[in-house]
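Below is one structure; the comments refer to it alone.
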Number of protein chains: 2
Amino acid sequence: MTELEQQIKTYFGVLRPDELQTIGNLFKPYSLKKGDYLLQEGRRCDKMSFIQSGLLRVYALADGKEITQWISTPGYFVTDLAGFMLESPSRWTIQALTDAEVSAISRENYKTLTELVPRWNELEKLFIVKCFTIMEDRIFSHLSKTAEERYQFFFDNHREFFNQVPLQYIASMLGMTAETFSRVRKKQLP
Amino acid sequence: MTELEQQIKTYFGVLRPDELQTIGNLFKPYSLKKGDYLLQEGRRCDKMSFIQSGLLRVYALADGKEITQWISTPGYFVTDLAGFMLESPSRWTIQALTDAEVSAISRENYKTLTELVPRWNELEKLFIVKCFTIMEDRIFSHLSKTAEERYQFFFDNHREFFNQVPLQYIASMLGMTAETFSRVRKKQLP
DNA sequence: ATGATTTCTTGATATTTGTCAAGAGCGGGG
DNA sequence: CCCCGCTCTTGACAAATATCAAGAAATCAT
């Protein structure tokens, strides 16, 4: 089983080996150089990408500032979910922070999954609902936690980010400045 | 066409009259008194409710404080989406702020929709993705806006809330205290 | 390695927001 | 109509966070 098939299984639940292979074969590999854009705000989002290696930053502009919505790491999917599913203009820009290898499925191929895999509709629904709950949790953390608590919670649950990802972007996605992040970090670490 | 059918159409896209009626008939009306719980944190969420009249508050506890996630108003659906779809314990408590009339569909009946309405899977998916994007937008507003800007944006887009809903709950769902809300409001209104 | 970038940290200070406490306004029930 | 409880407002102050500016540390290309 390839890494991609393994990950599809993780995301979409138990599938038969032949189904996994069918899905996996619809993904086409390609490379990104550091600084390349996988997607730009306002453009159509025609694919969903699985990250083999490298880091991708999902962000948008607000008052001229880049607000990082998320950093995507190897083993995960990245796309503008709404743009991909609804064919609406993308609200996010996705840029490679490092050289990256990804595998992408086009919308046309994605649509065929409903016929190729009988349970696809159900699996897809569960996937999207899980994405929804992640967002719900993030909002709740903004409604109920201070910057320091958000930092601590993120650190406890995503320690892997702290070695790989430029800290300024983590700060932005947690809703604080790089300076505040740095100070909170100093307080918590020793 | 009943109000419920009209609203189903708004949420789930164009449906034939007979399909609308089929769906509408699966909803059973019931009443809530002010203070009644439609759902409690940690419990199973076995239904999705459409609000005919009244106000419902969706909240959860954090450090002993009630954090309001949303206020649901007539013409909209209310449920714990993740709990309903994934059969996981509810993360929210839903309580009637006023006497209320709602119509609810049980999970069992909801599951039959896939067979009763051919396009249901697609319509449902679009619905959930829209819910997801609303959450995405809310997070982005927390990452990029001040309390005052969040207030202003919400006021511009949901003026109807300001006549109906106790302001303290709007404050909480915008992520600020009632006092800050009051001061921001004073500044913006004249 | 060396210098040039970029990222991170630190300090001083300003601004925003929260907390606590008190009072004003308002609506419902007797 | 008046009292009671609840909500909203206001003020004084404290705490959290942002901003600006400078310097330290890490990273990268040569």
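Since this is a predicted model, take the numbers as computed values, not measurements. Each chain gets a letter, A, B and so on, in the order the sequences are listed, and its residues count up from 1.
Under 4.0 angstrom from either OP1 or OP2 of dT10(D) there lies at least one side-chain N or O belonging to Lys186(B).
Contact detail for Thr133(A) and Ala82(B): the closest heavy-atom pair is CG2-CB, 3.0 Å. Here the shortest heavy-atom pairing between Glu66(A) and Ser172(A) reads O-OG, 3.9 Å.
The distance between atom CZ of Arg185(B) and atom C1' of dG25(C), rounded to the nearest whole Å, is 12 Å. For Glu148(A) and dA16(D), the CD to C1' distance is 10 Å, given to the nearest whole Å. Atom pair Leu55(A):CG and dT7(C):C1' shows a separation of 15 Å (rounding to whole Å applied). Nucleotide dT17(D) holds its P atom 7 Å from the CZ atom of Arg150(A), rounded to whole Å. Atoms CD1 (Ile170(B)) and P (dT9(D)) sit 11 Å apart, rounded to a whole Å. If you measure from atom CD of Glu149(B) to atom P of dT17(C), you get 9 Å, rounded to the nearest angstrom. Whole-Å rounding puts the Leu167(A) CG to dA25(D) C1' distance at 12 Å. Whole-Å rounding puts the Lys187(B) NZ to dT17(C) P distance at 8 Å.
A salt bridge is absent between Lys65(B) and Asp63(B): the closest approach of a Lys/Arg side-chain nitrogen to an acidic carboxylate oxygen does not fall below 4.0 angstrom. For the pair Arg119(A) and Glu122(A), the salt-bridge criterion is not met [side-chain N within less than 4.0 Å of a carboxylate O].
Less than 6.0 angstrom separates the ring centroid of Tyr11(B) from the ring centroid of Phe77(B).
Using cut-offs of 30° and 60° for the angle between ring planes, the Phe181(A) and Phe162(A) rings count as parallel. Taking the six-membered ring for Trp and thresholds of 30 and 60 degrees, Phe127(A) and Phe12(A) have ring planes inclined between 30 and 60 degrees apart. The aromatic rings of Phe161(A) and His158(A) lie perpendicular to each other, with more than 60° between the two planes, well past the 30° mark.
Ranking dC8(C), dT17(D), dT10(D) by closeness to the Thr146(A) side chain, first place goes to dT17(D).
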Is there any protein nitrogen or oxygen under 3.5 Å from a nitrogen or oxygen in nucleotides 28-30 of chain D, and what are the pairs?
none

Dump every N/O contact between nucleotides 19-23 of chain C and the protein below 3.5 Å, one line per pair.
unit_1  : atom_1 : unit_2    : atom_2 : d
dT19(C) : O4     : Arg183(B) : NH1    : 3.4
dC20(C) : N4     : Glu179(B) : OE2    : 3.2

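Remark: the Asn25(B) side chain and the Gln21(B) side chain contain no N/O donor-acceptor pair separated by less than 3.5 Å.
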